Amino acid sequence: MKELLVLSGKGGTGKTSLTASFVYLAGNCIACDYDVDASNLPILLHPDNAQGQEFSAGLTAVLDQGKCIDCGLCRDLCRFDAISSEYQIMTLSCEGCGFCAEVCPVEAIKMQDRSSGRWFSSTAEINGKTIPLFYAELRPGEENSGKLVAQVKNEARRKGREGGYPLLISDGSPGIGCPVISSLVEANLAVIVTEPSVSGFHDLERVQELLAIRGVSSILVINKADLNPEAADDMEKWAGDNNIPCAGRLPYSRQLADQVSAGRVPVIQKELYELILPVWKKIRATLDGMN
Amino acid sequence: MEIAVASGKGGTGKTLVATCLTRILAEHNPVLIDADVEEPNAGLVIPHQLRRTFPVYRPVPEVDMNNCTLCGKCAELCRFNALVVLPAEVMVFTELCHSCGLCSYVCPEDAINEKDHKIGVIEESVLPGGGQLVTGRLLVGEVQSPPLIKVARETGGQDAQYRLVDCPPGTTCPAIESIRDSDFCILVTEPTLFGAHDLELSLEATRMLGLGTGIIINRWQEDDGEVGKIARDQDIPILERIPYSMELAKSYARGENPLEALPELRGILEKVIEQVKERVG
């Protein structure tokens with residue numbers, strides 16, 4: 001099974017709209033949403049039969065006020081400012097390292113499992129086919145987003161192996177940090193969805209730098225290209241100079257916004273289908289040409 | 001007063017709002033902190049002059065094998081599996097380390113020292129119109145952004161009349177680190193299903209922090225849609241609406257001054273400032 005990962009660096013460039021479209025056009029595939037902070041692929045793919053599982057990767061400190069002797073050692077040693085002057089554990093700040101529990105002279109602190117979110121296995125009916133869809137929801141304020149991404153990826157890949165699926169298409173997170181780095185593991189090709197703005201270009205360069213460090217090949221899609229056609233030209237030239245193929249340009253489209261507003265996969269609409277299909281064909285050909 | 005400009009979804013206009021507020025407040029010498037250290041963009045859309053750059057490090061363990069007895073206590077206690085004891089050495093996985101310092105503290109032989117591991121830089125600039133820009137820039141490939149965000153927030157005039165924080169998208173640790181000590185949080189959203197879904201998550205985060213919160217709807221067209229319903233249900237004020245404008249989108253893409261592309265934007269954001277001042281008191 002090959003994995004196609006959709007990234008962007010900058011948020012809001014159209015990752016999720018295009019990922020849903022690619023899933024529709026690919027047909028026989030598994031779909032996955034790694035944006036565990038703000039999972040939006042299910043809004044377009046409308047999952048059925050969602051089975052949720054608790055995700056608990058870390059720990060949190062719990063302090064027994066009755067035992068505490070006010071020595072202050074835990075507070076002095078905690079590097080995350082997670083213990084207040086009144087010895088309240090601030091769960092949002094606690095990293096679960098267990099330093100406080102280890103040093104407490106009266107064993108007033110215990111480490112407890114902390115549920116950080118949930119991940120879901122589901123199916124989506126797309127163009128007459130039943131497609132497995134995996135996604136997750138990290139609780140606000142939680143960390144371990146990288147571990148949750150890894151969990152979702154492992155589940156999706158297992159399903160892929162068992163069902164003999166040829167392709168996994170995944171929607172990544174914005175940025176270049178923890179969840180993005182985790183999503184790169186075993187990815188064959190990254191589609192970078194960018195926009196021709198000063199911010200889009202800057203963020204594209206950073207995400208490409210990360211992909212190069214991690215040895216993941218990439219292909220570019222310039223979305224909202226008519227926002228600034230000259231900048232789109234510059235991006236294509238930059239891609240050429242860096243040996244990154246360009247799958248095409250897509251215009252800033254009212255129809256696409258309308259489709260997304262209605263919670264529909266963009267390519268269901270004829271004009272969008274005609275715009276996005278050639279882009280998908282190039283991506284598919286690039287992916288198929290890879291070992 | 002410190003105002004965090006945040007959003008669950010990326011690309012809703014956080015940087016647009018934060019930089020325009022900074023431009024409008026120029027006479028008060030505001031401090032703008034770009035805490036979106038993975039993809040810092042504020043400096044691309046507001047003119048500034050770089051004055052100073054300094055590196056930011058986080059501590060990671062280094063095991064002195066001359067003193068190490070391979071007792072294994074460090075690896076046993078590390079909750080992040082960042083240390084592995086092998087027959088003749090201790091391996092450190094820097095990426096997994098959270099810099100808590102426990103290993104070095106518990107080592108019975110004092111064989112673990114912490115060394116500096118560079119995670120990014122802080123760029124301090126002056127804004128020609130008045131004020132400062134502090135940009136945190138994560139090194140590409142680094143996993144841990146919260147320590148860098150913390151330093152960015154500690155840089156720049158702490159007693160400035162207005163501090164603005166341009167936050168990373170999302171609701172997990174980097175976003176929380178950016179907004180936790182602010183006086184007020186402006187959530188910038190868009191009237192789409194994605195915007196509404198991610199707004200709900202952001203509101204959950206600001207509620208947990210007990211942080212005063214208001215909403216700006218960007219790219220507003222005819223109605224507030226699902227966002228309006230969420231705001232009503234949760235009793236969160238919609239501070240203002242920025243109308244959809246192709247002219248603004250095109251000019252912003254070129255990095256030009258948005259206050260010129262959409263002249264009414266100044267008035268809209270001045271009203272936002274008034275409302276935030278009233279709410280913070």
Side-chain angles (χ1 to χ4, degrees), chain A residues 8-13 16 35-40 43 58-59 77 79-80 92-93 95-99 102-103 111 137-143 145-146 173-181 195-200 202-203 206-207 209-210 213-214 224 227-228 231 252 257 260-261 263, chain B residues 7-13 15 36-41 44-45 59 77-80 95 98-102 105-106 138 140-146 168-176 180 190-194 197-198 201-205 207-209 225 246 249-250 252-255:
Chain A
S8 68
K10 178 167 165 26
T13 59
T16 303
D35 192 356
V36 299
D37 258 40
S39 172
N40 287 343
I43 294 175
L59 300 167
L77 290 170
R79 294 202 177 158
F80 309 105
L92 274 179
S93 302
E95 296 250 339
C97 68
F99 205 155
E102 181 62 26
V103 298
M111 299 306 291
E137 292 168 355
L138 199 65
R139 268 194 201 103
E142 287 296 325
E143 48 180 295
S145 54
S173 293
I176 55 165
C178 185
V180 174
I181 289 174
E195 61 179 38
S197 63
V198 286
S199 311
H202 169 266
D203 297 354
R206 280 168 69 82
V207 78
E209 192 182 336
L210 177 67
I213 291 172
R214 300 280 159 158
K224 307 178 197 173
L227 270 186
N228 188 345
Y252 192 92
V260 171
S261 291
Chain B
S7 76
K9 179 171 162 22
T12 57
T15 303
D36 187 0
V37 302
E38 292 177 36
E39 300 290 15
N41 290 339
L44 298 170
V45 294
L77 288 173
C78 176
R79 312 271 180 181
F80 310 109
E95 262 186 31
H98 285 224
S99 303
C100 71
L102 177 58
Y105 185 86
V106 297
L138 189 71
V140 176
E142 283 301 320
V143 180
Q144 296 262 357
S145 61
T171 52
T172 53
C173 33
I176 297 292
R180 55 186 278 178
E190 56 182 36
T192 63
L193 291 174
F194 294 170
H197 172 265
D198 301 349
L201 296 169
S202 298
L203 287 172
E204 203 176 323
R207 199 179 320 116
M208 283 163 80
L209 290 166
M246 194 60 187
K250 284 186 172 173
Y252 192 65
R254 292 190 294 265

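Every chain is numbered from 1 and lettered A, B, ... according to where its sequence line falls, protein lines coming before strand lines. Below, all heavy atoms of this structure are taken into account, side chains as well, without hydrogens, waters or symmetry copies. What you are looking at is a predicted structure, and each value in this text was computed from that prediction instead of being measured.
Of all the listed residues (B:Leu77, B:Leu209, B:Val45, B:Thr192), the one sharing the greatest number of non-hydrogen pairs under 4.5 Å with chain A is B:Leu77. Taking B:Thr172, B:Val143, B:Val37, B:Asp36 one by one and counting their heavy-atom pairs under 4.5 Å with chain A, the maximum is reached by B:Thr172. Most heavy-atom pairs under 4.5 Å with chain B, from the set A:Ser8, A:Pro174, A:Ser197: that is A:Ser197. Ranking B:Val140, B:Leu193, B:Thr15 against chain A, the residue ahead of the rest is B:Val140, based on heavy-atom pairs under 4.5 Å. Interface check for chain B: of the options A:Val103, A:Ile213, A:Ile181, A:Asn40, the most heavy-atom pairs under 4.5 Å are formed by A:Asn40. The choice from B:Gly8, B:Gly101, B:Ser7 that makes the most heavy-atom pairs within less than 4.5 Å of chain A is B:Gly101. Per-residue heavy-atom pair counts under 4.5 Å with chain B were compared for A:Ser145, A:Pro179, A:Gly146, A:Ser39, and the maximum is reached by A:Ser39. Of all the listed residues (B:Gly11, B:Pro146, B:Cys100), the one sharing the greatest number of non-hydrogen pairs under 4.5 Å with chain A is B:Cys100. Chain B forms the most heavy-atom pairs under 4.5 Å with one residue out of A:Gly96, A:Ala231, A:Ser173, and that residue is A:Gly96.
Distance CG/B:Asn41 to CG/A:Asp203: 4.0 Å, rounded to 0.5 Å. Note that CG of B:Leu102 is 9.5 Å distant from CG of A:Leu77, once rounded to the nearest 0.5 Å. Annotation: the span from B:Glu142 atom CD to A:Leu210 atom CG amounts to 11.0 Å, rounded to 0.5 Å. To the nearest 0.5 angstrom, B:His197 atom NE2 is 5.0 Å from A:Ile43 atom CD1. In this structure, the separation between OH on A:Tyr252 and NZ on B:Lys250 is 10.5 Å, given to the nearest 0.5 Å. Distance check, rounded to the nearest 0.5 Å: CZ of A:Arg139 to CE of B:Met208 gives 9.0 Å.
The contact between B:Val106 and chain A is made entirely by side chain atoms (from C-beta outward), counting heavy-atom distances below 4.5 Å. Interface remark: B:Pro174 contributes no atoms to any contact with chain A (heavy atom separation under 4.5 Å). Contact annotation for B:Thr12: neither backbone nor side-chain heavy atoms come within less than 4.5 Å of a heavy atom of chain A. When heavy atoms are compared at a cutoff of 4.5 Å, B:Ile176 approaches chain A solely by way of its side chain, counted from C-beta outward. For B:Glu95, the part lying near chain A is the side chain, with the backbone staying farther off; criterion is any non-hydrogen pair under 4.5 Å. Only the side chain of B:Phe80 comes within contact range of chain A, with heavy atoms under 4.5 Å apart.
Side-chain contact between B:Met246 and A:Leu227: present, with at least one pair of heavy atoms (C-beta onward) separated by less than 4.5 Å. Using a 4.5 Å heavy-atom threshold, the side chains of B:Leu138 and A:Arg206 count as touching. For the pair A:Glu102/B:Tyr105, no side-chain contact is recorded, criterion being any heavy-atom separation below 4.5 Å from C-beta on. Proximity of B:Glu39 to A:Ser199: side-chain heavy atoms (C-beta onward) are nowhere separated by under 4.5 Å.
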Start with the C-alpha distance between B:Arg79 and A:Leu59, add both sets of side-chain angles, then the distance that settles side-chain contact (heavy atoms from CB on, under 4.5 Å), and finish with yes or no.
CA-CA 8 Å; B:Arg79 312 271 180 181; A:Leu59 300 167; 3.4 Å; yes
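With hydrogens and angles disregarded, a donor-acceptor distance shorter than 3.5 Å links the side chain of A:Arg79 to the backbone of B:Ser99.
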